[in-house]
Enquirer: 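Following this message is one structure expressed as structure tokens.
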There are 2 protein chains.
Amino acid sequence: MPASFYNHPKQLVAVDCIIFGYENEKLKLLLSHRGFQPAKGEWSLMGGWVHDDETVEEAAERVLFQITGLKDIYLEQVQVFSNPGRDPGGRVISVIFYAMIRIDIHDKNLLNQNGARWWTFSEKPELVFDHNQMVKKAHEKLKLKASYTLIGEKLLPEKFTILQLRTLYEAIFQRQFDPGNFRKKILSLRMLEKLDHKNKTDSKKGAFYYRVKKHNEKFINERIVKQ
Amino acid sequence: MPASFYNHPKQLVAVDCIIFGYENEKLKLLLSHRGFQPAKGEWSLMGGWVHDDETVEEAAERVLFQITGLKDIYLEQVQVFSNPGRDPGGRVISVIFYAMIRIDIHDKNLLNQNGARWWTFSEKPELVFDHNQMVKKAHEKLKLKASYTLIGEKLLPEKFTILQLRTLYEAIFQRQFDPGNFRKKILSLRMLEKLDHKNKTDSKKGAFYYRVKKHNEKFINERIVKQ
DNA sequence: ACAAAAGTGTTTCGGCTACACCCATGC
DNA sequence: GCATGGGTGTAGCCGAAACACTTTTGT
């Protein structure tokens with residue numbers, strides 16, 4: 001093969017992020033009000049172009065920093081969407097990520113500047129182009145992740161009660177978990193550390209706070225909850 | 001944002017395929033002898049550029065057809081690799097797929113023309129660039145797939161015995177499965193159809209052939225084997 | 001007769017589920 | 001006292017694993 005092997009038409013490559021958050025017992029999605037054509041004024045995922053000198057992960061981190069002011073956000077690749085007609089504005093290959101944000105610590109002022117807004121997952125609007133499909137895929141992947149990993153730390157405040165964790169899981173899986181069984185299962189993983197004070201807002205008795213143990217990168221090969 | 005929103009540097013986008021096959025009780029990998037610089041003469045995955053008018057899936061199908069003469073190959077997206085320095089020949093964003101091929105029906109003559117060769121998975125050579133990592137990720141994804149789907153039809157001949165299916169699973173997972181329990185588990189899925197004749201090459205008694213039932217696209221939500 | 005795979009049956013074990021039940025406390 | 005969530009205990013069910021055992025047939 002000739003030296004011109006690398007002379008080939010190039011493509012516009014973008015990243016789009018499904019940004020999950022959790023607030024008031026609801027799973028939420030951070031969406032952007034599209035300020036340009038095509039589909040101006042409609043809602044879409046947060047996205048941006050991939051630059052020459054960065055990975056797609058770095059591009060996604062850049063987009064997230066711009067929107068939320070946060071670094072070190074948990075990111076996972078979902079899938080590539082590449083239908084030539086998927087974006088009416090031109091041929092764009094888009095790499096999809098999902099992210100998990102702690103709503104309690106991000107910079108809410110930046111959101112307004114960026115025309116962004118949190119939506120409750122179950123009440124989200126129709127999105128532009130193929131973004132609805134992307135959200136669906138990301139949600140499936142989030143469920144898979146949550147069923148094999150304790151994702152509390154990524155969406156909840158530093159310290160949380162078992163009730164809060166369970167309510168998060170119920171929001172993600174859109175079903176109920178038995179309180180006693182959920183508690184036993186989570187504690188059996190030995191990944192949580194019990195703190196010495198209680199949350200008294202959710203019950204009369206008060207529930208102990210827990211936090212995720214440090215240095216606990218150990219991979220769980222065990223299923224936490226069923227799909 | 002201006003109309004120049006879509007005026008942005010473009011990227012070279014490639015697909016690379018991890019092509020799994022199965023022959024002589026061994027999991028195999030189809031690799032390509034690289035005929036151009038850089039890394040000329042070394043082994044690599046099968047790849048190709050993504051054209052303007054096709055999806056990344058179509059690009060992968062095109063590459064696979066070129067190499068094997070087969071259409072309708074099972075393909076699954078694995079991940080995007082996009083480190084700017086990953087390919088010394090230039091900045092290439094690569095979308096990785098794995099494929100499953102029935103070695104018994106593909107065109108072996110095409111392989112030689114393309115400098116390709118089947119390697120036993122456990123004896124595969126060092127690959128160029130980040131292709132070793134890609135294979136690792138693809139193998140993990142294949143295991144995940146095989147643990148939730150009956151993948152016999154995709155790698156074995158049309159009809160096969162339970163022993164052959166078990167040996168395939170043992171090759172993929174690199175561990176043993178109890179013959180009795182494996183048989184019961186597989187048959188309990190009710191996805192196989194027993195044929196009326198036997199394979200007599202593997203045993204004196206002979207084992208009935210089975211094939212995957214038609215119209216059996218029903219999704220399995222049940223785990224077939226543990227990781 | 002024996003070896004070796006095919007195929008079936010049985011026992012055990014552990015985890016998940018579905019509860020029941022007590023505890024603590026604000027109202 | 002009672003309602004509410006916190007937290008613990010337990011019986012039963014079901015599937016996975018381990019393995020015994022019978023069948024078949026080529027050598």
Side-chain angles (χ1 to χ4, degrees), chain A residues 24-25 143 146-150 152 156 159-171 173 175-211 220-227, chain B residues 24-25 143-144 146-150 152 156 159-171 173-211 220-227:
Chain A
N24 299 330
E25 284 90 59
K143 284 198 278 187
S147 62
Y148 282 99
T149 321
L150 199 54
L156 292 172
K159 57 182 188 179
F160 49 84
T161 64
I162 304 288
L163 171 62
Q164 285 165 347
L165 184 63
R166 175 164 56 86
T167 315
L168 168 61
Y169 267 76
E170 291 179 340
F173 286 89
R175 70 180 187 88
Q176 304 290 112
F177 293 100
D178 179 278
N181 294 337
F182 184 85
R183 166 189 205 81
K184 273 177 288 187
K185 181 66 192 176
I186 295 296
L187 293 179
S188 76
L189 299 171
R190 306 210 148 279
M191 292 184 68
L192 293 184
E193 183 175 11
K194 191 180 194 170
L195 302 184
D196 58 2
H197 51 294
K198 286 184 169 187
N199 167 316
K200 303 277 284 180
T201 61
D202 289 338
S203 76
K204 323 289 167 78
K205 182 176 175 181
F208 279 105
Y209 280 115
Y210 289 81
R211 74 168 164 223
I220 309 186
N221 217 346
E222 191 182 349
R223 190 173 52 194
I224 301 177
V225 298
K226 276 193 191 169
Q227 297 287 339
Chain B
N24 301 329
E25 284 91 60
K143 285 199 277 186
L144 193 63
S147 62
Y148 282 99
T149 321
L150 199 55
L156 292 172
K159 56 182 188 179
F160 48 84
T161 63
I162 304 289
L163 171 62
Q164 285 165 349
L165 184 64
R166 175 165 55 87
T167 315
L168 167 62
Y169 267 76
E170 290 179 342
F173 286 89
Q174 293 166 133
R175 69 181 188 89
Q176 304 290 111
F177 293 100
D178 179 278
N181 293 336
F182 185 84
R183 166 187 205 83
K184 273 177 288 189
K185 181 66 191 175
I186 294 296
L187 293 178
S188 76
L189 300 171
R190 306 212 148 277
M191 293 185 66
L192 293 184
E193 182 175 13
K194 190 181 195 172
L195 302 183
D196 58 2
H197 51 293
K198 286 184 168 186
N199 167 315
K200 303 277 286 180
T201 62
D202 288 337
S203 77
K204 321 287 167 75
K205 182 177 174 183
F208 279 104
Y209 279 115
Y210 289 81
R211 74 168 163 225
I220 310 185
N221 217 345
E222 192 183 350
R223 189 173 53 193
I224 301 177
V225 298
K226 274 193 191 170
Q227 298 287 339

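Below, chain A is the first sequence line, B the second, and so on; all start at residue 1.
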Enquirer: Of the options A:Tyr209, A:Tyr210, A:Phe208, which is the one that meets A:Thr161 in a side-chain contact (heavy atoms from CB on, under 4.5 Å)?
Expert: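 Only one option passes, and that is A:Tyr209.
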
Enquirer: Reckon A:Asp178 touches a base, only the sugar-phosphate, or nothing at all at heavy-atom distances under 4.0 Å?
Expert: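 Base, at least one base heavy atom under 4.0 Å.
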
Enquirer: Taking for each residue the nucleotide of DNA chain D bearing the nearest heavy atom, is the 5' side occupied by A:Lys204 or by A:Lys194?
Expert: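 Result: A:Lys204.
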
Enquirer: Which heavy atom in B:Phe160 sits nearest to a heavy atom in B:Gly152, and how many Å separate them?
Expert: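 For B:Phe160 and B:Gly152, the tightest heavy-atom pair comes out as CE2-C, 4.4 Å.
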
Enquirer: Considering all heavy atoms of both residues, which atom of B:Asn181 and which atom of B:Asp178 are nearest to each other, and what is their separation?
Expert: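 The answer is N-OD1, 2.8 Å.
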
Enquirer: A:Asn181 has an atom CG; how far is it from atom C1' of C:dC19, in whole Å?
Expert: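 So the CG-C1' distance, A:Asn181 to C:dC19, works out to 9 Å.
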
Enquirer: How close or far is atom P of C:dG7 from atom OH of B:Tyr209, stated in whole angstroms?
Expert: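 Rounded to the whole Å, the gap is 12 Å.
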
Enquirer: Rounded to whole angstrom units, what separation is found between the CZ atom of A:Phe177 and the P atom of D:dG7?
Expert: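 Whole-Å distance recorded here is 19 Å.
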
Enquirer: A:Arg166 CZ to D:dG5 P: how many Å, rounded?
Expert: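 Result: 9 Å.
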
Enquirer: For B:Leu165 and C:dA5, give me the distance from atom CG to atom P, rounded to whole Å.
Expert: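 Interatomic distance, CG of B:Leu165 to P of C:dA5: 17 Å.
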
Enquirer: For the side chain of B:Lys205, counting heavy atoms from C-beta on, which of D:dC19, C:dG7, C:dC23 is nearest?
Expert: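 Looking only at heavy atoms from C-beta outward on B:Lys205, the closest nucleotide is C:dG7.
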
Enquirer: Pick base, sugar-phosphate or nothing for B:Asp202, based on heavy-atom distances below 4.0 Å to the nucleic acid.
Expert: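 Sugar-phosphate: the residue B:Asp202, judged by heavy atoms under 4.0 Å, touches backbone atoms but no base.
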
Enquirer: How far apart are the closest heavy atoms of B:Lys159 and B:Gln164, and which atoms are they?
Expert: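 Residues B:Lys159 and B:Gln164, closest heavy atoms: O-OE1, 4.4 Å.
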
Enquirer: Of the nucleotides C:dG7, D:dG26, D:dA17, which has the atom closest to the B:Lys200 side chain?
Expert: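 Between C:dG7, D:dG26, D:dA17, the one nearest the side chain of B:Lys200 would be D:dG26.
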
Enquirer: Just how far, in rounded Å, is P of D:dG7 from CZ of A:Phe182?
Expert: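 Value for this atom pair: 13 Å.
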
Enquirer: Choosing from D:dG5, D:dA16, C:dA6, which nucleotide comes nearest the side chain of B:Lys185?
Expert: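 For B:Lys185, the side-chain atoms sit closest to D:dA16.
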
Enquirer: Would you name the heavy atoms of B:Ala171 and B:Glu25 that are closest together and state the gap between them?
Expert: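 Residues B:Ala171 and B:Glu25, closest heavy atoms: CB-O, 4.2 Å.
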
Enquirer: Are any of B:Arg183's side-chain N or O atoms less than 4.0 Å away from OP1 or OP2 of C:dA6?
Expert: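 For B:Arg183, the contact criterion (side-chain N or O under 4.0 Å from OP1 or OP2 of C:dA6) is not met.
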
Enquirer: Counting any heavy atom closer than 4.0 Å, what does A:Ile162 reach on the DNA or RNA strands: base, sugar-phosphate only, or nothing?
Expert: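 A:Ile162: no heavy atom of the nucleic acid under 4.0 Å.
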
Enquirer: Provide, to the nearest angstrom, the distance between the CG atom belonging to A:Asn199 and the P atom belonging to D:dG6.
Expert: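 About 8 Å, once rounded to whole Å.
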
Enquirer: For A:Lys184, report the nucleic acid contact type (base, sugar-phosphate, nothing); a contact means any heavy atom under 4.0 Å.
Expert: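 Touches a base.
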
Enquirer: Rounding to a whole Å, what distance do you find between A:Lys198:NZ and C:dG26:P?
Expert: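 Rounded to whole Å, this separation is 10 Å.
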
